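Encoded as structure tokens, the structure appears first; notes follow it.
Please read all numbers here as calculations on a predicted model, not as lab measurements.
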Amino acid sequence: MAYWLMKSEPNVNSYDDVVARGVPEEWHSVRNYTARNNMKAMQLGDEAFFYHSNIGKEIVGIIKVVALAHPDSTAEPNENGKIVWECVDVLPVKKLPKPVTLETIKRTPELADMALVRLSRLSVSPVTDAEWKLICKMGGL
DNA sequence: GCCAACGTTGGC
DNA sequence: GCCAACGTTGGC
């Protein structure tokens, strides 16, 4: 069981939007190979932090992987007729009672080296067990 | 709105 | 295969 962090712009798809729909949904529109590869490495039941980029800049909840990587329904085939972009399907698990902000993460020595901080443009990144546990605790879980 | 970081593209 | 130019992401 591995842990991840997935970014979304809350004005496009917020955690509350996902909860309100209440059905599994594709984590579509990722167009970066590293992020895609991270999704291909995900297993059923893996959990991920849901991070609001641009607005809020904080981890607001937890989602889980309910379908392994499959072709992204929003992707166009390339010149060889292949769809290279894939995504997993996710469901919300629970909201963090206290969102953990990027600022807090940067100020916390144990978290300052997270992929979220080091690779700020990567929209799907790995989270270590230690980072996961600490953020859950800081988030009030 | 600016800019740093980084990925992609295309000329050579 | 290198590198300059350009585009995008996302924090500030």
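With side-chain heavy atoms closer than 4.5 Å counting as contact, directly or through intermediates, the hydrophobic cluster containing Val84(A) also holds Tyr33(A), Trp85(A). When hydrophobic residues (I, L, V, M, F, W, Y) are linked wherever their side-chain heavy atoms come within less than 4.5 Å, the members clustered with Leu91(A) are Val66(A).
Residues from residues 4-16 of chain A with heavy atoms under 4.0 angstrom of DNA chain C, sorted by number: Lys7(A). Residues of residues 109-121 of chain A that place a heavy atom closer than 4.0 Å to DNA chain C, in numerical order, are Ser120(A), Arg121(A).
Between Tyr15(A) and Ser8(A), every side-chain heavy-atom pair lies at or beyond the 4.5 Å cut-off. Side-chain contact check for Arg21(A) versus Val18(A): some heavy-atom pair is nearer than 4.5 Å. Residues Val90(A) and Glu25(A) have side chains in contact (heavy-atom distance under 4.5 Å, counting atoms from C-beta outward). Between Leu141(A) and Ile62(A) there is a side-chain heavy-atom pair separated by less than 4.5 Å.
Taking the 5' to 3' direction, DNA chain B first and last meets chain A under 4.0 angstrom from a heavy atom at dA5(B) to dT8(B).
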Only pairs under 3.5 Å count here: list side-chain donor-acceptor contacts from residues 125-140 of chain A, not counting sequence neighbours, and write none if there are none.
unit_1, atom_1, unit_2, atom_2, d
Thr128(A), OG1, Glu131(A), N, 3.1
Thr128(A), OG1, Glu131(A), OE1, 3.3
Glu131(A), OE1, Thr128(A), N, 2.9

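Residues His70(A) and Val88(A) come closest through the heavy atom pair NE2-C, 4.3 Å. Nearest heavy-atom pair, Ile105(A) versus Ile59(A), reported as atom, atom and distance to 0.1 Å: CD1-CD1, 3.8 Å.
Using modelled atom types and a 3.5 Å distance limit, the side chains of Thr34(A) and Asn37(A) yield no donor-acceptor pair.
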